[in-house]
Each structure stands twice: as C-alpha cells, then as structure tokens.
Amino acid sequence: MILKLLKTRTGRLRIMGFLEGISLVVLVFVAVPMKYLLDDESLTKMMGPIHGALFLLFLLNACSAGIEQKWKVKTIGMILASCFIPFGTFYVDYKFLKNIDNKTTCSHGLRSVKAENLLK
C-alpha cells in the first residue's frame, strides 16, 4: 500500500500528513509534559527539529499537490491548517485526501462525484 501511495503527489502528501501528525502528537502529548512535569528536555530537543522538518515538508507537499490537482484555495488552506491541530492531519486524510482519485470518480460524503468537480 505504501509503495502505491508513493507514486502520486497526493499519496506522498498522505504519508507526510501521517508522519507530521504523529510527530505533533508525540511532541504535544509526550515531550512537552515530560519537559514541564519531569524537568526532562531530552525528548523536546530531539522531537522539535524532527517535527519542524516534517511540518515544512508537509507544507511543501500540500502546496505542490494543490497546484498539481488545481484545488481551490479554500481546500489548500484547510489542509494547511490541519497541521496546526493535533490529529488534524489524520482527520483531513480520512475526510478528504483518501477520497481523491486523479482519474475517475471518488466518493466524498454520501454521494459519488467526479474528482475534478470536488477540486474546483
């Protein structure tokens, strides 16, 4: 499945969203509490730069996929905003990115619509 995702920009965006989401959750819910409750900065010093790099890669991939797919600015903005919220990238992947099919039709919500209509 992962090899299949690597073949498209949207697939690579989904992978980056997963990695960025995991790094944010670890940073916010594990590393920061360790820093302030246990006075142990080691995990924040390690995860901070990793999360920062994944965050920037996610932003670049989102813009790249949005331009290639000709998404609305609102759609790109929603995807970009998701990386600021813990679990946001997982939600966007579940509700939007997994439904994108570049060639034919996709299911979005309860009805089936053409992918190009979804993205305009």
Side-chain angles (χ1 to χ4, degrees):
M1 165 117 176
I2 291 178
L3 293 176
K4 186 178 178 183
L5 289 174
L6 287 172
K7 293 180 181 179
T8 65
R9 283 190 204 255
T10 306
R12 289 188 294 273
L13 177 62
R14 292 183 67 196
I15 292 170
M16 288 307 307
F18 177 76
L19 295 174
E20 195 278 336
I22 292 290
S23 72
L24 181 60
V25 167
V26 169
L27 192 61
V28 170
F29 294 110
V30 179
V32 172
M34 276 180 59
K35 178 179 178 179
Y36 290 106
L37 297 175
L38 304 174
D39 281 336
D40 184 2
E41 295 182 354
S42 61
L43 193 56
T44 53
K45 286 183 177 181
M46 181 182 68
M47 285 304 299
I50 292 170
H51 170 69
L54 291 171
F55 174 78
L56 292 175
L57 287 171
F58 179 79
L59 293 179
L60 291 172
N61 277 302
C63 291
S64 176
I67 290 168
E68 180 186 81
Q69 298 281 332
K70 297 179 181 161
W71 293 340
K72 294 179 187 179
V73 173
K74 179 181 172 182
T75 302
I76 296 172
M78 175 190 66
I79 291 170
L80 294 177
S82 74
C83 64
F84 290 100
I85 305 165
F87 304 104
T89 56
F90 306 127
Y91 179 79
V92 165
D93 180 67
Y94 176 76
K95 284 292 195 181
F96 180 74
L97 295 176
K98 78 173 187 174
N99 294 325
I100 293 176
D101 181 349
N102 298 329
K103 295 177 183 146
T104 57
T105 62
C106 67
S107 173
H108 187 71
L110 299 174
R111 59 192 171 115
S112 181
V113 295
K114 288 190 175 186
E116 57 268 5
N117 292 339
L118 206 171
L119 303 173
K120 287 183 182 173

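Computed over heavy atoms, backbone and side chain alike; hydrogens, waters and symmetry mates excluded.
More than 12 heavy atoms of other residues, nucleotides or ligands sit less than 6.0 Å from atom CZ of Phe90.
To the nearest 0.5 Å, atoms OG1 (Thr10) and CG (Asn61) are separated by 10.0 Å. For the atom pair CD1 of Ile76 and CD of Gln69, the computed distance is 10.0 Å after rounding to the nearest 0.5 Å. In this structure, CZ on Phe96 lies 5.0 Å from OG1 on Thr75, to the nearest 0.5 angstrom. The structure places CG of Leu13 at 11.0 Å from CG of Leu60, a figure rounded to the nearest 0.5 Å. Taking CG from Leu57 and OG from Ser64, the interatomic distance works out to 11.5 Å, rounded to the nearest 0.5 Å.
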Would you be so kind as to tabulate the donor-acceptor pairs closer than 3.5 Å made by side chains of residues 21-40, with sequence neighbours excluded?
unit_1 : atom_1 : unit_2 : atom_2 : d
Ser23  : OG     : Glu20  : O      : 2.8
Ser23  : OG     : His51  : ND1    : 2.8
Asp40  : OD1    : Ser42  : N      : 3.1
Asp40  : OD1    : Ser42  : OG     : 2.8

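Hydrophobic clustering (ILVMFWY, side-chain heavy atoms < 4.5 Å, transitive): Trp71 and Tyr91 are in distinct clusters. In this structure, Met78 is not a member of the same hydrophobic cluster as Val73, with clusters built from ILVMFWY side-chain heavy atoms closer than 4.5 Å. The hydrophobic cluster containing Phe84 also contains Leu19, counting ILVMFWY residues as joined when their side-chain heavy atoms lie under 4.5 angstrom apart, directly or transitively. In terms of hydrophobic clustering, with Ile, Leu, Val, Met, Phe, Trp and Tyr side chains grouped at heavy-atom distances under 4.5 Å, Ile85 and Tyr94 are assigned to different clusters. Leu59 and Ile50 end up in the same hydrophobic cluster when Ile, Leu, Val, Met, Phe, Trp and Tyr side chains are linked at under 4.5 Å.
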### Query
Taking it one step at a time, do Phe58 and Ile79 satisfy side chain to side chain contact (heavy atoms under 4.5 Å, CB included)?
CA-CA 10 Å; Phe58 179 79; Ile79 291 170; 3.8 Å; yes
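Residue pairs meeting the salt bridge (Lys or Arg N to Asp or Glu O under 4.0 Å) criterion with at least one partner in residues 42-52, sequence neighbours excluded, are Glu41-Lys45. Residue pairs satisfying the side chain to side chain donor-acceptor pair (under 3.5 Å) criterion with at least one member in residues 77-90, sequence neighbours excluded, are absent.
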